[in-house]
Number of protein chains: 2
Amino acid sequence: MASEAEFLKGYDPGAYPAVAVTVDVVALTIRDGELCVLLVERAEHPFAGRRALPGGFVRGEGLDDAALRELQEETALGKVHLEQLRTYGDPGRDPRMRVFSVAYLAFAPGLPEPRAGSDAAGAAWVPVEQATGLAFDHDTILADGLDRARSKLEYTPLATAFVGDEFTIGELRQVYASVWGEELHAGNFHRKVLSVPGFVESTGATTARGGERGGPRAKLYRAGDAQLLHPALLRPAREDGVR
Amino acid sequence: MASEAEFLKGYDPGAYPAVAVTVDVVALTIRDGELCVLLVERAEHPFAGRRALPGGFVRGEGLDDAALRELQEETALGKVHLEQLRTYGDPGRDPRMRVFSVAYLAFAPGLPEPRAGSDAAGAAWVPVEQATGLAFDHDTILADGLDRARSKLEYTPLATAFVGDEFTIGELRQVYASVWGEELHAGNFHRKVLSVPGFVESTGATTARGGERGGPRAKLYRAGDAQLLHPALLRPAREDGVR
DNA sequence: TCGAGTTAATCTCAGCGTGAGGACAACATG
DNA sequence: CATGTTGTCCTCACGCTGAGATTAACTCGA
């Protein structure tokens, strides 16, 4: 029986049908109280001229690194939360060849306008309700990403990835309201956030002045060290239908 | 500018470095009240002789179909729940070439002994605590799969995938106890399961006789049509540590 | 045949988190 | 200065929770 070293020496990677692996990123941010996703306009075939999620072929790097690279090609970003969403591999989802796409989900605080990347005619933050008719199966990927984001707000401190290093409880509440698409009771939200150990910790400081239209100075907080929220901030008013 | 059809005609899939995509399956079942995972012993290099998760290269099929095929090569199974876990693609995780593995999670009711498959010297159900030292990065994949399974029990009717078509509340409680590794309060569990709309529905029948060591005949239920549990069956006694 | 042990199913009770609403002070705007 | 807005805190009623006790049905061994 051949040793493992001898086996590997005689192994021919080209003996199998060619497949490719890409990463596509669902990058979310909040602009003017609205949940937005980063889209590019494809410059090349296939789907030239159509809007798509930023992404590209994986090179000699790890998957997480590839997703980060693709994201940085489109927009200048500082702190960003990145996690794998799932992988899409139906035969025929890409007309060129068999392509598997590992989708990622990214969250970042409010960002400036993106810059055009190499393989994209333009990039822009688009409100999620207007992000339809995307190339490939990106409509499906986006929908899956939104589902994941909405449910992760409930039981993880993910919302802190959407705001700056220091933030007020009101800003945090705006994040939940924007992602969930519904208003939240300010008093109850305040009580619940502060009652979850490790969610936020006080900086002792307050904002320099009150809100846009009045009100007292709000206390400032930063993200705590919790990885999971106990108890969770459950999302209200779900109909007990077929879910 | 060339049309999309002309572009595709001149496209050469072989112009990129060769990569491969595999599926690996974390198949879980409960045998004698113990949570077990399906493992195979690898017959060929690399990692010949080591235990591994069942899996193999994806052919011209979809990812879900590939996972189902790999599973059926190892064990005879009837009803099975299958879902994608995540994708592992670190360079170097397979010594042959760049291999991306799409991991799947499978749940099935108590099954008979598995059969040996094509590329496996043998297959066996192994209690999860004894499933260590696996080939490739399968230790990591298994750990991720167990995490997912444990948390999905809380908010989905997944536990019904571990039992037969008709089951008692006590059998369902055994599933939760086995997967979570802790005993549950029988009275509270009973009340909570029946209070969740769509989780289980009564068949009207009861078991033919009482339990092994006595007790009344238990009522029989089958799985309901709920996709998500409201309210969730939260897992008790989590320490509020660094989670 | 009868008692002991086991189990399914139900009930009770104190405690906690929840949603809803209100109170109040601090602040911006006109 | 008057008015409206906002952050923070409080109260209250309701529902779910965990823990324990209770009842009835059943198996097994003496």
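As the structure is a computational prediction, the values presented were derived from the model and not from experiment. Atoms considered below: every heavy atom in the structure, side chains included; atoms not considered: hydrogens, waters and symmetry mates. Letters go in sequence order (proteins before strands), and every chain restarts at 1.
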I'd like to know if the side chain of A:S202 and the backbone of A:Y221 have a donor-acceptor N/O pair within less than 3.5 Å. no
In whole Å, what is the span from the CD atom of B:E183 to the P atom of C:dT7? 11 Å
Listed pairs under 3.5 Å, donor-acceptor, residues 168-180 of chain B side chains, sequence neighbours left out:
| from | atom 1 | to | atom 2 | distance (Å) |
| --- | --- | --- | --- | --- |
| B:T168 | OG1 | B:G170 | N | 3.4 |
| B:T168 | OG1 | B:E171 | N | 3.1 |
| B:E171 | OE1 | B:T168 | N | 3.3 |
| B:Y176 | OH | B:L153 | O | 3.0 |
| B:S178 | OG | B:G33 | O | 2.9 |
| B:S178 | OG | B:Q174 | O | 2.9 |
| B:W180 | NE1 | B:R150 | O | 2.9 |

Can you measure B:L184 atom CG to C:dT7 atom P for me and round it to whole angstrom units? 15 Å
Would you kindly give the NE2-to-C1' distance between B:H185 and C:dT10, to the nearest whole Å? 12 Å
Does the side chain of A:R217 get closer than 4.0 angstrom to OP1 or OP2 of C:dA26 through an N or O atom? no
Whole-Å gap separating P (C:dA8) and OH (B:Y221): 12 Å
Minimum side-chain heavy-atom gap B:V102-B:T22 below 4.5 Å: no
Where does the chain A footprint on DNA chain D start and end, counting 5' to 3' with a 4.0 Å heavy-atom cut-off? D:dG4 to D:dC9
Would you check if B:D90 and B:D137 make a side-chain contact, meaning some heavy-atom pair closer than 4.5 Å? no
Measure from CZ on B:R173 to P on C:dT10 and round the result to the nearest Å. 14 Å
With the threshold set at under 4.0 Å for non-hydrogen atoms, list the residues of residues 186-195 of chain B touching DNA chain C in residue-number order. B:G187, B:H190
Parallel, tilted or perpendicular: ring planes of A:F107 versus A:H81, cut at 30 and 60 degrees: tilted
Test side-chain contact (heavy atoms from CB on, under 4.5 Å) applied to A:Y104 and A:L68, step by step: CA-CA 9 Å; A:Y104 273 78; A:L68 201 58; over 6 Å; no
Side-chain heavy-atom pair B:W125, B:L39 within 4.5 angstrom cut-off: no
Is there a donor-acceptor contact under 3.5 Å linking the side chains of B:Y88 and B:D144? yes
Does B:R222 pair with B:E201 as a salt bridge, N-O distance under 4.0 Å? yes
Under 4.0 Å, heavy atoms only, any strand: does B:A208 hit a base, just the sugar-phosphate, or nothing? nothing
B:E171 CD to C:dA8 C1', in whole Å, measures 13 Å
